[in-house]
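Convention: sequence-line order gives letters A, B, ...; per-chain numbering from 1. The analysis underlying the following values was restricted to heavy atoms, covering all of them including side chains, and did not include hydrogens, waters or symmetry mates.
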Amino acid sequence: MTTTAPLGAEERTDPATGPADGRRAVLRRIRPGNGFVFVLPFLLVFGLFMVWPIVQGLWMSFTDSSLALRDTGFVGFDNYTEAFGDPDVWSSLGNTLFFTAISSVPLVLVALAMALLVHSGLAGQWAWRLAFFAPYLLPVTVVTLIWTWLYQPELGLGNQLLDSFGMAPVGWLSDESVAMWSIAALTVWWTVGFNFLLYLAALQSLPTTFDEAAALDGAGAWRRLWSITLPQLRRTTGLVAMLQILASLKVFDQIYILTKGGPNGSTRPVLEYVYDVGFTGYRLGYASAVSYLFFALIIVVSLVQFRLFRRED
Amino acid sequence: MSATATPVRARRRPPREASGSPLLLGHGRLPRVLAGTALVVLAVVWLVPFLWAIATSVQSEKDVATTGLSPFKGAFTLDSYQEILERGNVSVWAFNSFLIAGLVTLLTVVVSTLAAYGFSRGTFRGRRALLAVTVAAIMIPPQLLVVPLFDQMLLFNMVDTYAAVILPQVVAPMMVFILKRFFDGIPKELEEAARIDGASEFRVFRSIVLPLSRPIVAAVAIFVFIGAWNNFMWPFIVTNDPDLMTLPVGLATVKDAYGIQYAQSMASALLAALPLIVVFLLFQRRIVNSVATTGLGGS
């Protein structure tokens, strides 16, 4: 944090303060010059489009406000107590946690494997990087269009492959017990590239001295991977895991487009429930309350992760 | 991959490339062959959806529906692409995507660099408190604010305007934080000299700090652009007019209308994917480095 370089924008742009003698002395004295002007545009959008909706949403969660009926009444904690007793809240929360579990683990491990392999010095670095990172560049709709086709029941690649091995077709998006796994597979394919780049960047900045010393001492490749490289990556793994869990908890887009939460609500995440209640059911107050409960959960998860992350250091 | 022992040994050291030290797979042939095989298998798995989509898009709908096991069997045709482009919507949405992502990027970079400079060098009262609030806001998922934000847009009468899509996306506390940390690391001596010579604070920012920060500003710009280009939920909620939709939103609304026309939906998917792939190919090095310099990216 620096306080040594004061700003004095107003004073110095003043035409009166042209180049003159004793300028230094004057400059010394204009310490209070603030720099607030620089922060102002950000504060404006931040206040308008972040702080306002946060406060407004909190207020709404205590009202029965709706899109249809602008007249709102204060209902206290009614929305919150209703949310606690709402089976849809619990099932969508369960779906969200299930998705987070089955997507985060491969998104960290596959990214790590990709980065280690690409970093291992085999030729064609940029081509591998492009192959693994390209899906991350696709808009969600494009990803879902391609995968809807792969998951298509009769002609899709998935069932055709199964068929060529003489196996029975699978209802990739229509079978309740399979749909969430299909969405997780799509998500891994789509977003692993970002974690991969984080790992690759970390690997490229690791000091090679330990590795070389161990190699001289005759440690084999596997041994050096386990005893040197992976431990050195622990901080990065903590960071990647933390970002990934938070990102997975917020899943909405691909599920909404692919299955609209179906079949039978088996893939509906919390954010889609919020969307359904707020924009289809017009109950903005109740939707806000569910949002805030979910937000509380996210804060708890972040704090727990932060703690774990700290201890690992 | 390599099957003989001698070339393996010869290749052990050289492939250092510009990218840093390789893992040193060792003298053993086994780790090298295993690693190479795994890499190829993973890359093939990652490319198959693209190849499948391309192969499907260059056939007639009839062939796609009848060729059975492989879309590679049908006759080659670009009909699907032609139809998509003639229908016009896709080009309107692509234009909107460019306009919106471009403006979001421009505004975010301007607003965030200014704020970061103010937070880094400023001495105004409440600076620390405001910075703390900004950093805390990084934790808040924007998706949770769509309900009150939409309510606000109704209030401002801004639903179905570019402004409604763009402005809320300009708030990027993470980017402000990343830039501030970078500015903090720039030595102050250069600026002091300029200040003594009578340069205005804005001049110092523009002519000294900003040029020194080009890599980080580029990194921020790239990630903001990718994020804005791919953003779905907010533009989806706040636009109903098809002429204002971005590519992701537009394609989602017609997805069901395409019905069984897989060749056309694959063609439109690939057309929509193209711009960012080109951007990546052009700025590949910068994108990879930017992840290294910022540590984090996307929102």
Side-chain angles (χ1 to χ4, degrees), chain A residues 3-7 9 12-13 19 34-36 38-39 41-42 45-46 49-50 53 56-57 60 114 117 119-123 125-126 128 131-132 134 137-142 145-146 149-150 157 160 197-198 201 204 208 211 215 220-221 250 252-253 257 271 278 284 287-288 291 295 302, chain B residues 15 17 19-26 31 35-36 38-39 43 46-47 49 52-53 69 111 114-115 117-118 121-124 137 139 141 143-145 147-149 151-152 167-168 170-171 188 191 198 200-202 230 232-233 247-248 251-252 262 265 269 272-273 276-277 280 288 291-292:
Chain A
T3 43
T4 52
L7 295 190
R12 240 158 295 155
T13 44
N34 44 45
F36 186 71
F38 286 81
V39 185
F42 173 72
V45 283
F46 183 70
F49 300 114
M50 192 122 199
Q56 169 76 4
M60 274 162 67
M114 284 173 167
L117 290 170
H119 189 65
S120 67
L122 294 155
Q125 282 250 347
W126 76 267
W128 308 120
F132 297 144
L137 296 166
L138 304 184
V140 61
T141 338
V142 171
L145 275 176
I146 293 177
W149 177 219
L150 296 184
L157 179 63
Q160 291 206 21
L197 280 197
L198 282 180
Q204 287 173 0
T208 56
D211 218 27
K250 292 183 272 181
F252 168 81
D253 299 355
I257 303 175
L271 282 181
L284 295 186
S288 295
S291 298
F295 184 38
S302 318
Chain B
E17 291 203 270
S19 49
S21 116
L23 228 185
L24 306 173
L25 278 173
L39 193 54
W46 249 253
L47 288 175
W52 186 260
L69 197 79
V111 166
L114 282 172
Y117 184 69
R121 300 295 199 267
T123 53
F124 57 91
M139 281 216 336
Q143 292 93 329
L144 279 183
L145 299 179
V147 172
L149 209 48
D151 195 52
Q152 188 184 10
L167 289 176
V170 172
V171 187
K188 321 256 157 12
E191 300 160 42
S200 76
E201 206 52 50
F202 184 71
N230 289 344
F232 175 75
M233 195 180 189
L247 265 179
L251 287 177
Y262 285 106
S265 46
L276 275 199
I277 303 278
F280 181 80
V288 178
V291 176

Next on the checklist: Looking at chain A, which one of B:V111, B:N230, B:L247 has the largest number of heavy-atom pairs inside 4.5 Å, strictly under?
Outcome noted: B:N230

Checklist entry - In Å and rounded to the nearest 0.5 Å, what is the CH2 to CE distance from B:W46 to A:M114? => result 4.0 Å

Checklist entry - So what's closer than 4.5 Å to chain B heavy atoms on A:F295: side chain, backbone, both or neither? => result both

Checklist entry - Can you say whether A:M60 sits under 4.5 Å from chain B via the side chain, the backbone, both, or neither, judging by heavy atoms? => result side chain

Checklist entry - Going from CD on A:Q160 to CG on A:L150, what distance comes out if it is rounded to the nearest 0.5 angstrom? => result 10.5 Å

Next on the checklist: For the interface with chain A, which of B:V170, B:L47, B:L276 has the highest count of heavy-atom pairs at distances below 4.5 Å?
Outcome noted: B:L276

Checklist entry - Which class fits the ring pair B:F124 and A:F36: parallel under 30°, tilted 30 to 60°, perpendicular over 60°? => result perpendicular

Checklist outcome for this item: To the nearest 0.5 Å, atom CG of A:L157 lies from atom CH2 of A:W149 at 9.5 Å

